[in-house]
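Here the structure comes first, spelled out in structure tokens, and everything after it is commentary.
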2 protein chains.
Amino acid sequence: MVAPESIHDGFELANTRRTLPILLLSAREAVMEHFRPLLHAHDITEQQWRVIRVLQERGEMDASRLADLACILAPSLTRMIKALEARKLVASRRDETDGRRSLISLTEKGRTFIATVAPSSARIYADIEARVGTELLQRLTDDLVALRTALDDEL
Amino acid sequence: MVAPESIHDGFELANTRRTLPILLLSAREAVMEHFRPLLHAHDITEQQWRVIRVLQERGEMDASRLADLACILAPSLTRMIKALEARKLVASRRDETDGRRSLISLTEKGRTFIATVAPSSARIYADIEARVGTELLQRLTDDLVALRTALDDEL
DNA sequence: CGCTATAACTTAACACGTTAATGATGCTGC
DNA sequence: GCAGCATCATTAACGTGTTAAGTTATAGCG
């Protein structure tokens, strides 16, 4: 499929299709392809789904932490919270002890929404797990965490 | 860092932070973080950089194939080609034998541009390779390809 | 040849990614 | 107490992701 040359010789650009950015991007695309029909059917974006799931798992938190955990930038989150509030899936309030912070939480409607979508989502993930195989999936999970750790510039 | 429970039990949602979509997203983010200053300094986006690199590696091709290889959707590519043409980094022309197709190619200026940025880019990739380690990088590369293959619905 | 279907792009509309700048609040030291 | 700096959130501007609809061109078929 691809020439079996070394990934990178240190002097020239690597084959674009074999670089980490594209491999990670296309792998992610292959995974998301399976979830998209479900999310679309429930009129929610992938990013919004991440946000409300994080809220369900960890409860109310400020916007910065939510953005960090859901892998979403602050400006995007600001826009999304407005949309999710309009649908009454989340609620936000000012932190009383720190007026700069905005605390976001899941509403009862939000919890119900997740409960509605969760079974299908879990089924899709189980199908992916079955296709990929437990061994490969486990190794990938560990290696991806290791990759992040190796690249994290501990400031 | 994360509770050492099984990835997924088949009945409930997995821990969001341990799911493939987020792992792949955050790993990619960790990698791109290192390239962003360079790309920004040359006033080019990550996606545009992918597009012109694919053109350099494989030469003139039609838009569909280019979009596929660079992992970019057709509507995005249409917009990008306009921008890249305005900067005279790429050129496009109609396919003479199939009037529907648009053939995209790198200009001389485009080649020069890549030659200018390539050394820094290669240095950054080499640094990443050094941090991550050859073994982990090689295994990840293979596993990510395997993941894509496993999930590809061969239509 | 003409009709229909399909394919390759293009456009449009809306959401998110990314960077920079602004506003508001908190904090620190004097 | 207040001036100056840091932090959190928001806004703005532009590029890309995503889906749907629209254009133009080709292919198939009677």
Side-chain angles (χ1 to χ4, degrees), chain A residues 21-22 24-26 28-33 35-52 61-68 70-87 89 92-104 155, chain B residues 21-22 24-26 28-29 31-52 61-68 70-87 89 92-104 155:
Chain A
I22 286 211
L24 292 166
L25 180 59
S26 63
R28 190 178 137 69
E29 173 56 28
V31 173
M32 288 316 301
E33 198 176 323
F35 285 103
R36 226 163 258 142
L38 174 65
L39 298 177
H40 193 256
H42 290 276
D43 192 28
I44 195 166
T45 68
E46 176 197 336
Q47 291 87 347
Q48 291 171 344
W49 178 239
R50 285 208 303 272
V51 165
I52 62 177
M61 68 184 75
D62 63 84
S64 295
R65 181 161 166 72
L66 178 54
D68 187 49
C71 294
I72 284 174
L73 294 175
S76 296
L77 187 60
T78 297
R79 288 178 299 221
M80 289 171 56
I81 295 302
K82 285 178 188 169
L84 291 172
E85 264 191 301
R87 288 175 68 178
L89 295 177
S92 71
R93 64 187 183 92
R94 276 257 156 277
D95 186 328
E96 292 151 10
T97 69
D98 186 342
R100 294 168 302 182
R101 294 176 192 275
S102 165
L103 298 175
I104 321 292
L155 301 178
Chain B
I22 285 211
L24 292 166
L25 181 59
S26 63
R28 191 177 137 68
E29 173 56 29
V31 173
M32 287 316 301
E33 197 177 324
H34 293 261
F35 285 103
R36 226 163 258 141
L38 173 65
L39 298 177
H40 194 256
H42 290 276
D43 192 29
I44 195 166
T45 67
E46 176 197 336
Q47 292 87 346
Q48 291 170 344
W49 178 240
R50 286 208 304 270
V51 164
I52 62 177
M61 69 183 76
D62 63 83
S64 294
R65 181 161 166 71
L66 179 54
D68 187 49
C71 294
I72 284 174
L73 293 174
S76 296
L77 187 60
T78 297
R79 289 177 299 219
M80 289 171 55
I81 296 302
K82 286 179 189 168
L84 292 172
E85 266 191 301
R87 287 175 70 178
L89 296 176
S92 71
R93 63 186 182 91
R94 275 257 158 277
D95 186 329
E96 293 151 10
T97 69
D98 186 342
R100 293 169 301 182
R101 292 177 193 275
S102 164
L103 298 175
I104 321 292
L155 300 178

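Any value given below was found using the heavy atoms of this structure, including those in side chains, with hydrogens, waters and symmetry copies removed. Each chain gets a letter, A, B and so on, in the order the sequences are listed, and its residues count up from 1. All values derive from a computational prediction rather than experimental measurement.
What separates CZ of A:R65 from P of D:dC8 is a distance of 13 Å, to the nearest Å. One atom, CG of B:L25, and another, P of C:dT18, lie 9 Å apart when rounded to the nearest Å. Atom C1' of nucleotide D:dA9 and atom CE of A:M61 are separated by 17 Å, given to the nearest angstrom. Rounded to a whole Å, the CZ atom of A:R94 is 11 Å from the C1' atom of C:dG23. Following rounding to the nearest Å, A:D43 (CG) and C:dA15 (C1') show an atom-to-atom distance of 11 Å. Residue A:L84 contributes atom CG, which lies 13 Å from atom C1' of C:dC16 at whole-angstrom precision. Distance, B:M80 CE to C:dT11 P: 16 Å, rounded to whole Å. In this entry the distance linking NE2 of A:H42 with C1' of D:dT19 reads 18 Å, nearest Å.
A residue-by-residue look at A:D62 and A:E29 shows that A:D62 has its nearest nucleotide of DNA chain D further toward the 5' end. Both A:T45 and B:P37 lie close to DNA chain C; mapped to their nearest nucleotides by heavy-atom distance, the more 5′-ward contact belongs to A:T45. If A:A83 and B:L77 are placed on DNA chain C by their nearest nucleotide, the residue sitting closer to the 5' end is B:L77.
In this structure, B:Q47 does not reach the C:dG17 phosphate: none of its side-chain N or O atoms is under 4.0 Å from OP1 or OP2. Phosphate proximity of D:dC14 to B:K82: absent, as no side-chain N or O sits under 4.0 Å from OP1 or OP2. In this model, the phosphate group of C:dC9 is approached by a side-chain N or O of B:S64 to a distance below 4.0 Å at OP1 or OP2. The side chain of A:R101 contributes an N or O atom lying less than 4.0 Å from OP1 or OP2 of D:dC8.
Ranking D:dG17, C:dT25, C:dT19 by closeness to the B:H40 side chain, first place goes to C:dT19. The side chain of A:L73 sits closest to C:dG17 out of C:dG17, D:dG15, C:dT10. Nearest nucleotide to the side chain of B:R79, out of C:dG26, D:dT19, C:dA13: C:dA13. Candidate nucleotides C:dT25, D:dA9, C:dT10 were compared by shortest atom distance to the side chain of A:D98, and C:dT25 ranks first.
B:S76 comes within 4.0 angstrom of a nucleotide base, judged by non-hydrogen atoms across all strands. Across all strands shown, A:R36 has heavy atoms under 4.0 Å from sugar-phosphate atoms exclusively, and none from any base. In this structure, A:A74 reaches the bases: a heavy-atom distance under 4.0 Å links it to at least one base atom across the strands shown.
In this structure, CE on A:M80 lies 8.0 Å from CG on A:L66, to the nearest 0.5 angstrom.
The side-chain heavy atoms of B:L25 and A:R50, taken from C-beta on, include a pair separated by under 4.5 Å. Residues B:I52 and B:I44 are in side-chain contact: their nearest non-hydrogen atoms beyond the backbone lie under 4.5 Å apart.
The two residues B:A83 and B:Q48 come nearest to each other via the heavy atoms CB-NE2, 4.1 Å. Between A:T97 and A:D95, the shortest heavy-atom contact is N-OD1, 2.8 Å.
A donor-acceptor pair under 3.5 Å is absent between the side-chain atoms of A:R93 and the main chain of A:S102, judged by distance alone.
Residue-to-nucleotide contacts include no donor-acceptor pair under 3.5 Å from the side chain of B:R100 to the base of D:dT24.
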